[in-house]
There are 2 protein chains.
Amino acid sequence: MKSSAKQQSTREAILDATDRLLARSGYKKMTIDDLAKEVGIGKGSVYLHFSSKEELVLSHIDRIIDRLQIKLSAIAEESAKPSARLRKMLEMRVLHRFDGVQHYTQSLNDLLSAIRPNFLARRESHFENEAQIFVAVIEEGQQNGDFAEGDARKIAESLVLATNSLLPFSLTTQELGERRDIEEKTRQIANLLLQGLIKRE
Amino acid sequence: MKSSAKQQSTREAILDATDRLLARSGYKKMTIDDLAKEVGIGKGSVYLHFSSKEELVLSHIDRIIDRLQIKLSAIAEESAKPSARLRKMLEMRVLHRFDGVQHYTQSLNDLLSAIRPNFLARRESHFENEAQIFVAVIEEGQQNGDFAEGDARKIAESLVLATNSLLPFSLTTQELGERRDIEEKTRQIANLLLQGLIKRE
DNA sequence: TTTCTGACCAAAACGTAATTTTGGTCAGAA
DNA sequence: TTCTGACCAAAATTACGTTTTGGTCAGAAA
């Protein structure tokens with residue numbers, strides 16, 4: 001039996017190569033043969049880790065989101081004020097997503113059109129998971145009196161949703177604009193939202 | 001010389017027919033011949049009003065936005081409190097856009113991919129124009145002491161941007177979800193944003 | 001045994017050449 | 001002066017033979 005650590009590292013190597021090839025050629029032109037060659041394994045071995053090309057790319061996206069969630073959770077557990085943590089989480093979330101696909105110059109549409117239904121479903125669940133991380137911080141702020149009362153889950157969903165139009169999705173990072181502008185716009189929205197959360201004297 | 005009122009009504013009839021055909025067949029399958037037949041005019045007459053198929057469809061979208069801007073301006077001039085007006089404007093904006101393309105079941109992607117560059121450019125300018133309508137109301141609220149001080153233009157852009165992810169764009173209305181849910185989500189976000197705007201005692 | 005591989009295959013993608021449809025024009029009708 | 005539809009080049013579609021590709025699996029490697 002192969003060590004699961006080794007299995008895991010092969011899996012990671014495949015996903016790393018997927019990222020490179022996706023950036024280089026887009027979804028349709030990226031072939032499993034090329035991918036295997038890039039990783040230095042046999043083609044069949046790719047299918048030991050992923051059941052299909054679509055599943056492979058979806059997993060690659062999942063990995064970006066997993067990493068995001070780890071970073072979000074880390075901030076959520078810091079010791080700063082809840083409002084400061086939320087602000088930081090909102091900004092980091094947008095920039096992480098921006099950076100995660102910055103090198104895909106034109107290929108986002110290609111990818112989206114190829115795997116649309118499953119991708120949209122996952123995207124929805126990613127948002128839900130991300131919102132859940134915000135919930136804990138919001139509840140903390142409510143309990144310590146910083147924030148006004150309210151359904152923490154709904155508030156979390158609103159925070160996420162309100163910054164979603166800044167995420168690369170149908171628009172590539174180029175079409176979205178300069179990274180610094182995205183950052184500034186996110187900060188503006190986050191400020192307004194958080195002012196709204198903070199309890200009035 | 002033909003009366004400009006008659007010219008205008010033909011133009012409107014063409015745009016009405018464009019809306020119907022776009023809903024029925026999508027951008028690529030909608031032909032100018034069909035369109036002329038639907039309106040009951042000759043094909044060449046279509047080109048008396050629009051210089052190309054792309055321009056035609058762009059004008060159709062412009063019309064949706066023009067109507068939106070008229071409704072936004074109307075609300076902006078009502079006598080309710082600035083915060084109430086802004087809330088109403090934000091909700092109306094999202095629902096107007098939702099209703100404007102609700103009958104395009106699958107064809108938004110088709111349209112987007114066909115006219116992408118010019119469409120994106122216009123979209124950007126639509127947002128800027130919409131934001132400008134918000135500016136006046138925000139400044140009014142700042143002057144009468146309801147709202148905290150701040151760059152009204154930037155605030156307006158934030159309000160618009162924060163609700164943009166609820167607009168049909170790459171996602172069709174079906175993919176966005178139920179109208180009542182969109183309405184609820186918009187209201188949630190608007191509440192949070194406006195709480196953030198309101199001046200603290 | 002367990003892990004990995006690449007030859008293999010059906011299906012999809014691609015080239016391409018013949019055919020049809022379509023966006024756009026414009027000479028002349030109304 | 002306004003409108004039209006026959007007309008045309010270009011683009012889309014079809015038909016079809018060829019190539020490429022996603023996915024499998026019998027057997028090699030470990």
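In what follows, chains carry the letters A, B, and so on, assigned in the order in which the sequence lines appear, proteins first and then strands, with residues in each chain numbered from 1. Heavy atoms only: backbone and side chains are in, while hydrogens, waters and symmetry mates are out.
Using a 4.0 Å heavy-atom criterion, one finds that B:Ser51 contacts no nucleic acid atom at all.
Closest to the A:Leu48 side chain, of the nucleotides C:dT5, D:dG22, D:dT2, is C:dT5. Distance from the side chain of A:Ile41 is smallest for C:dT5 among the nucleotides C:dG24, C:dT5, D:dT4. Out of D:dG23, C:dG23, D:dT2, the shortest distance to the side chain of A:Tyr47 is found at D:dG23.
Rounded to a whole Å, the NZ atom of A:Lys28 is 8 Å from the P atom of C:dA13. Residue A:Leu56 contributes atom CG, which lies 16 Å from atom P of D:dT21 at whole-angstrom precision. Atom OH of A:Tyr27 and atom C1' of C:dA13 are 14 Å apart (whole Å). If you measure from atom CD of B:Gln7 to atom C1' of D:dT1, you get 10 Å, rounded to the nearest angstrom. Across the protein-nucleic acid pair, A:Leu35 atom CG and C:dT5 atom P stand 13 Å apart, rounded to whole Å. As rounded to whole Å, 18 Å separates atom P of C:dC4 from atom CG of A:Asp33. Look at CD1 on A:Ile32: it is 17 Å from P on D:dC25, rounded to the nearest Å. Taking atom CD on B:Glu54 and atom P on D:dA11, their separation rounds to 14 Å, with Å as the unit.
The side chain of B:Ser45 contributes an N or O atom lying less than 4.0 Å from OP1 or OP2 of D:dT4.
Without hydrogens or angle criteria, A:Arg97 side chain to A:Leu167 main chain gives no donor-acceptor distance under 3.5 Å.
Pair assignment for C:dA13: D:dT18, on the basis of Watson-Crick or G-U wobble contacts that are both within less than 3.5 Å. For C:dT25, the paired nucleotide is D:dA6, the pair qualifying as Watson-Crick or G-U wobble because both relevant distances are below 3.5 Å. The base-pairing partner of C:dA30, taking Watson-Crick or G-U wobble contacts with both distances under 3.5 Å, is D:dT1.
At least one test fails for B:Lys53 against the ring of B:Tyr47: distance under 6.0 Å to the centre or angle within 45° of the axis.
Taking the nucleotide of DNA chain C with the nearest heavy atom to each of A:Lys29 and B:Gly44, the more 5' of the two is matched to A:Lys29.
Distance check: A:Arg153 CZ to A:Glu157 CD gives 4.5 Å after rounding to the nearest 0.5 Å.
Checked by distance alone, A:Lys43 brings a side-chain donor or acceptor within 3.5 Å of a matching partner on the base of D:dG23.
Between A:Leu35 and A:Leu56 there is a side-chain heavy-atom pair separated by less than 4.5 Å.
The residue from B:Thr172, B:Thr173, B:Asp19, B:Asn109 that alone fulfils the side-chain hydrogen bond (donor to acceptor under 3.5 Å, both in side chains) condition with B:Tyr104 is B:Asp19.
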